[in-house]
Protein chains: 2
Amino acid sequence: MPRASLSRETVVGLALRVVDEEGPAALTLSAVAARAGVATPSLYKHVRNLAELRELLSAHVMSEISARIGDAVLGRSGDEALHALMAAWRSYVRTHPGRYEAMIQSPQPGVAEAGERLVDVMFAALRSYGLTDSGSVHAVRCLRSAVHGFVLLEAAGAFGLPESLDDTYELLTRMITAGLRAPRP
Amino acid sequence: MPRASLSRETVVGLALRVVDEEGPAALTLSAVAARAGVATPSLYKHVRNLAELRELLSAHVMSEISARIGDAVLGRSGDEALHALMAAWRSYVRTHPGRYEAMIQSPQPGVAEAGERLVDVMFAALRSYGLTDSGSVHAVRCLRSAVHGFVLLEAAGAFGLPESLDDTYELLTRMITAGLRAPRP
DNA sequence: GCCTGAAAGCTAATGCAATTAGCCTGCGGG
DNA sequence: CCCGCAGGCTAATTGCATTAGCTTTCAGGC
């Protein structure tokens, strides 16, 4: 394989830097090519098109999140696991807001697969609550919704008031953990 | 004012139809112009550029949501008000998924203003819980995060399993209402 | 050490959307 | 009846995605 200065992975890496530094809207093949020091059409030797690059990027970010969260939950259970999970998730998005935004706007295909790991981690974190199977499904959905909504709004700067966002997230965490322990209706 | 077949409002209306029928990605000046039966540059007589159209659209959608939710909460209080608020929000997004997605990707400026009404409605709905001022702020943020996250994931088709989404939303609603009644830590 | 084929890059060309500049015209108020 | 201008138009520019087809480099076989 000649002249392997670029590769699929390198291209995705450069794309990550673009969204990190200039935001998801700046992710163009031209921008990536410029960073690679290469003409735009050359990228087509590594990715099918912009849509595929977006998908690869999304899948990469999703994997990264799953890994972080998986690590955070390791060896913990119950409220402690939930707390660690939510903290790790938020922390990732605060560190890479551009990546998270870029992730959510790509179509599902490859992302769904990478997302399954995250869902698995969430199920594992909930195991000690002793929920039924379908109870876990609902619980995971609620957890996911709450965290996803919060980190998105935080990243968008949608919380203007001076109150501490840490306190808010703490409250959200408690709502979830308490809700999981609450009796079935 | 001659030939007033188009107006700022008409243009926004056509843009709404575009995102409703073809999704937020299809919102281009060309698409709007085509529906208006007019050449693309003519739109510049009504909106400054595509960015402004997006902003107007976002503000419009935000107002629409606030109005719906405001109506839903009218005359209710406590858990009932919260329940109605969340139901109305989700219902709006299910009816117009394209609009909601289009709304969130525009920059803040005009949207923030329209969003304040929504925040006001949420504060009003929470009044009967007897929270402190800053307690209300945190509560509103949690409510907003949870609902926003859920409707976004639902609209994106991110919930693949067969379990009832209505049940999940019911659980989420209960987590919020219960969390508001819970003692301070 | 030379030859070859495919990988990886390049240039040229097409098409579409945004945006700008400048022209044309219908029509409401005088 | 005339004038001004709002509102529409065409032409032209720019930037990005994508395709086609050419060129170069280098890994291996001879």
Side-chain angles (χ1 to χ4, degrees), chain A residues 1-60 98 101-103 105-107 109-111, chain B residues 1-60 98 101-103 105-107 109-111:
Chain A
M1 57 205 96
R3 243 164 327 169
S5 87
L6 272 191
S7 71
R8 205 175 176 75
E9 292 69 39
T10 322
V11 172
V12 173
L14 291 170
L16 281 171
R17 287 175 46 191
V18 171
V19 301
D20 279 346
E21 296 167 24
E22 304 171 55
L27 179 59
T28 66
L29 289 177
S30 304
V32 174
R35 282 175 191 253
V38 114
T40 308
S42 304
L43 296 180
Y44 287 83
K45 289 292 157 74
H46 304 284
V47 295
R48 183 171 19 262
N49 50 34
L50 179 60
E52 194 195 45
L53 177 57
R54 289 219 183 93
E55 239 181 78
L56 291 171
L57 185 86
S58 296
H60 177 98
E101 278 177 52
M103 183 189 76
Q105 51 195 77
S106 154
V111 191
Chain B
M1 56 206 92
R3 243 161 326 170
S5 85
L6 273 189
S7 71
R8 206 178 177 73
E9 292 68 40
T10 322
V11 171
V12 173
L14 291 170
L16 281 172
R17 287 174 46 189
V18 171
V19 301
D20 279 346
E21 296 167 23
E22 305 172 53
L27 180 59
T28 66
L29 289 178
S30 305
V32 174
R35 283 176 188 252
V38 116
T40 308
S42 304
L43 296 179
Y44 287 83
K45 289 288 160 70
H46 305 283
V47 296
R48 184 170 17 264
N49 51 32
L50 178 58
E52 194 195 44
L53 176 56
R54 288 217 183 94
E55 239 180 78
L56 292 171
L57 185 85
S58 297
H60 178 97
E101 278 176 51
M103 182 190 76
Q105 51 197 75
S106 153
V111 192

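Only a predicted model underlies this, so the values are computations on that prediction, with no experimental measurement involved.
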For nucleotides 18-21 of chain D, print each protein N/O atom paired with a nucleotide N/O atom at under 3.5 Å, atom names and distance only.
| from | atom 1 | to | atom 2 | distance (Å) |
| --- | --- | --- | --- | --- |
| dT18(D) | OP2 | Tyr44(A) | OH | 2.9 |
| dT18(D) | OP2 | Leu50(A) | N | 2.9 |
| dT18(D) | O5' | Tyr44(A) | OH | 3.2 |

(request) Could you check Leu50(A) against Thr28(A) for side-chain contact (heavy atoms from CB on, under 4.5 Å), going step by step and ending with a plain yes or no? (result) CA-CA 7 Å; Leu50(A) 179 60; Thr28(A) 66; 5.8 Å; no
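The shortest distance between the side-chain N/O atoms of His46(B) and the OP1/OP2 oxygens of dG8(D) is below 4.0 Å. The shortest distance between the side-chain N/O atoms of Ser30(A) and the OP1/OP2 oxygens of dG15(D) is not below 4.0 Å. The phosphate of dC10(C) (OP1 or OP2) has a side-chain N or O of Ser42(A) nearer than 4.0 angstrom. For dG8(D), one of the phosphate oxygens OP1 or OP2 lies less than 4.0 angstrom from a side-chain nitrogen or oxygen of Ser5(B). One finds no side-chain N or O of Thr28(A) lying less than 4.0 angstrom from the OP1 or OP2 phosphate oxygen of dC16(D).
Ala26(A) and Ala31(A) make their closest contact through O-CB, 3.6 Å (heavy atoms, listed as atom of the first residue, atom of the second, distance).
Thr40(A) has its side chain out of reach of Val32(A): every pair of non-hydrogen atoms, C-beta onward, lies at least 4.5 Å apart. In this structure, the side chains of Leu29(B) and Asn49(B) stay at 4.5 Å or more apart for every pair of heavy atoms. Leu57(B) is not listed as a side-chain neighbour of Ser106(B), based on a closest heavy-atom distance of 4.5 Å or more. Two residues are said to be in side-chain contact when any heavy atoms from C-beta on lie closer than 4.5 Å; Glu52(B) and Arg8(B) meet this criterion.
Distance Arg54(B) CZ to dA17(C) P: 13 Å, rounded to the nearest Å. The separation between Leu43(A) atom CG and dG9(C) atom C1' is 11 Å, rounded to whole Å. The interatomic distance linking Leu53(A) (CG) with dC16(D) (P) rounds to 15 Å, in whole Å.
For the pair Ser42(A) (side chain) and Val38(A) (backbone), a donor-acceptor distance under 3.5 Å is absent.
Taken to the nearest 0.5 Å, the CZ atom of Arg35(A) stands 10.5 Å off from the CG atom of Leu16(A). Rounding to the nearest 0.5 Å gives a distance of 7.0 Å between CD of Gln105(B) and CD of Gln105(A).
Taking the nucleotide of DNA chain D with the nearest heavy atom to each of Leu27(A) and Gly37(B), the more 5' of the two is matched to Gly37(B).
Taking the C1' atoms of five terminal pairs at each end of the helix from dG1(C)-dC30(D) to dG30(C)-dC1(D), the two resulting helix axes are inclined by 0°, rounded to 10°.
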